Amino acid sequence: MTSRDSMHCTFIPPWLAERVDGAERAALDDGLRTRRSVEARSAQRAVVPGGPAWTVHDADSTTSLPGTPARSAGDPETGDVAVDEAATGIEASLAMFAEVLLRDSHDDAGAPVSLTVHYGSRYNNAFWDGTQLVFGDGDGRVFERFTKPVDVLAHEFSHAVVEYTAGLVYQGQSGALNESVCDVFASCLKQRLLDQDAAAGDWLIGEGIFMPSITARALRDMAAPGTAYDDPEVGADPQVGHMDDYIETSDDNGGVHLNSGIPNKAFQLAAVAIGGTAIEGAGRVWYDALVGGDVPEDADFATFAAATVAAAGQHADAVREAWAQVGVEAGVGGAAGTPVPTGARRLRVERSGGFVGRTESVEVDLDDDLRGLVTEAALSSSVADERPMPDMYVYTFTLDDDQPVRVPEHRLTARQAELARRLLP
C-alpha cells in the first residue's frame, strides 16, 4: 500500500482548527473528508481523461463532492470570486510545473485537475483528498476564503505532486517533509507571480488568510518559523525552525505542521544562497531530489537533505550549509534520533588514522544513560562511508554484532562527537 491510499492533507493544522472551531467541529470535518473521499473513489468522480485540463466545481455550501461544474479551462470568468481565484491559481500552478520543471500536471501524464470551492458552511480549511482539491469559504470571523491566497491552492496541488513522486508518508518527519515541500512550491509560485527573486520574497505562506481583525502576517513564515501570528483568538505560531526544538508528539500526525518549519527554513536559506528565482534555483534542486529515486516514502530530514545535496550540482555546498544551519546533517541518518535496538547490549567505539596512524578503541556495556546518548547520536548502518580527509581521524561505531558505522571526523554530529569524547581517552 502506498501513501496515496490514505492521504488527506489539510492546510490548517488541527490544533488551530480546534481552537477556532472547537474539537467537535474538527472531528466532524475529519470524518466528512474521510467519508467523501471513499465516496469519491467509488464513484470515480474525478474529471475524466481527455477532458479540460482543469474544472472548478461549486459545492454550494454542502459537503457533497465534487459539486456542480462552474468553470473549466478555456472558459471566461464567472464573476464568482472563489471560482475565478481557483481557476487563476490552478492555471498558474500547472504552468509553473510545466514551464520550469517540465512536469505535466500532478501525475506527469496530463491528468485533469478537479477542484471544488464553497465547500461546507463557514468551513475553515483546504485539503487534497487524493482525488480532489477542496476549499472552504472561511468563517468570516477568523479566516477569509481559502482561495484568496494563491499559495494555498499551490500548496494543495503540490500535495498531489508529492503523492505521485516520492509519496512521502504523512506522519512524523516524512509527513513534515510532505508539508514543507508543498510550502516550498507554494512560495515559489507566489514569488513567480510577483516577479521576485529569492532574496526579495517575503516567504510568507497563506498571507491574507486571516481576517484583518486577527494579529497575523500569514499562517507560516518560512524565513522565521514560529513568528507568523500571535493573537488571543488563535494563539501564537508554534512552528519550530531548528532540530534543537524538534517536537515529539502524537498530535497532528506526529507534528507535521509543527516540524515542517525546519526543512522550510533550510529551503529558504538555500534559495537565497543559490540566488535567482526560487523555482529555478533551489526549487529545481528540491524537485530533482523528489523525483530522483533517492527519497523513500518514509524519508527523514537527513535522508531528504542528502538527496537535495546530491541533486544540487555546483550548489551542493550551499545546500549542505543550509541544512546544517537548521541542525540537519545531510545523510548522517536519523536526524531526530534512531532508537537503539531493544536487544543491543554492547557498544564499541574505535578511532583510527590521524597523523601518527594510531588506532584506539573501547567497548562498553550500554546503561540507560549511554543508551539515550547513542539514540541521540543517530547511529545507523545506512550511513554511507565518505572519503576521509588527510590526517583526520575516522570513527567507527559498532552496536553488538551489527554492521559497523564509519564516520570521518569532519562529518561527526555533535552527539556523535560527544559519545566519542566520553568513551575514548
Side-chain angles (χ1 to χ4, degrees), residues 2-4 7 97 100-103 106 108 158-188 198 222 242-243 246 254 256 259-274 278-338 378 380-387 405 407-408 411 413:
T2 66
S3 60
R4 71 178 56 119
M7 182 178 287
F97 277 95
V100 182
L101 303 176
L102 304 181
R103 186 173 189 84
H106 55 276
D108 200 24
S158 297
H159 275 305
V161 173
V162 171
E163 182 174 337
Y164 280 87
T165 52
L168 292 164
V169 176
Y170 204 60
Q171 179 73 37
Q173 286 196 22
S174 59
L177 285 168
N178 193 322
E179 274 298 312
S180 176
V181 168
C182 295
D183 277 353
V184 160
F185 292 128
S187 190
C188 285
M222 296 179 68
H242 194 281
M243 285 303 299
Y246 186 91
V256 298
N259 296 312
S260 62
I262 297 169
N264 272 6
K265 177 64 175 176
F267 179 82
Q268 184 268 336
L269 291 168
V272 173
I274 290 173
I279 187 59
E280 293 174 334
R284 188 185 298 276
V285 171
W286 256 240
Y287 177 77
D288 287 347
L290 196 68
V291 301
D294 292 329
V295 178
E297 64 179 13
D298 60 349
D300 62 11
F301 291 170
T303 300
F304 189 83
T308 60
V309 171
Q314 64 179 327
H315 301 299
D317 288 343
V319 172
R320 184 183 291 109
E321 175 60 23
W323 284 104
Q325 287 188 54
V326 299
V328 176
E329 295 287 338
V332 183
T338 302
S380 169
S381 60
S382 65
V383 176
D385 288 345
E386 183 174 327
R387 184 188 299 272
V405 176
V407 184
R411 300 299 294 147
T413 67

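Everything numeric in this text was worked out from a predicted model, so none of it was measured.
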Describe, in one word, how the ring planes of Trp323 and Trp286 are oriented to each other, choosing from parallel (under 30°), tilted (30 to 60°) and perpendicular (over 60°).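 Correct class here is parallel.
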Which heavy atom in [X] sits nearest to a heavy atom in [Y], and how many Å separate them?
X: Asn259; Y: Gly254; answer: ND2-O, 3.8 Å
X: His106; Y: Ala160; answer: CB-CB, 3.6 Å
X: Ala270; Y: Ala282; answer: C-CB, 4.1 Å
X: Cys188; Y: Gly283; answer: SG-CA, 4.4 Å
X: Gln268; Y: Met222; answer: CB-O, 4.0 Å
X: Ala266; Y: Ala322; answer: O-CB, 3.4 Å

Taking [X] for the side chain and [Y] for the main chain, is one N or O donor matched with an acceptor at less than 3.5 Å?
X: Gln173; Y: Phe301; result: yes
X: Asn178; Y: Leu168; result: yes
X: Ser187; Y: Val184; result: no
X: Arg284; Y: Tyr287; result: no
X: Ser180; Y: Ala176; result: no

Please tell me if the side chains of [X] and [Y] come closer than 4.5 Å, counting only heavy atoms from C-beta onward.
X: Phe267; Y: Asp183; answer: no
X: His315; Y: Val285; answer: no
X: Val326; Y: Asn264; answer: no
X: Asp108; Y: Tyr164; answer: no

Are Tyr246 and Met243 close enough, and set up right, to give a side chain to side chain contact (heavy atoms under 4.5 Å, CB included), and what steps lead you there? CA-CA 5 Å; Tyr246 186 91; Met243 285 303 299; 3.8 Å; yes
Determine whether His242 and Gln325 satisfy the following criterion, side chain to side chain donor-acceptor pair (under 3.5 Å), listing intermediate values before the conclusion. CA-CA 8 Å; His242 194 281; Gln325 287 188 54; over 6 Å; no
Residues in salt bridge (Lys or Arg N to Asp or Glu O under 4.0 Å) contact with Asp317, at least two apart in sequence or another chain: Arg320
Give, for atom CG of Leu101 and atom CG of Asp288, the distance between the pair rounded to the nearest 0.5 Å.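 So the CG of Leu101 and the CG of Asp288 are separated by 8.0 Å.
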Residues forming a side chain to side chain donor-acceptor pair (under 3.5 Å) with Ser174, sequence neighbours excluded: none
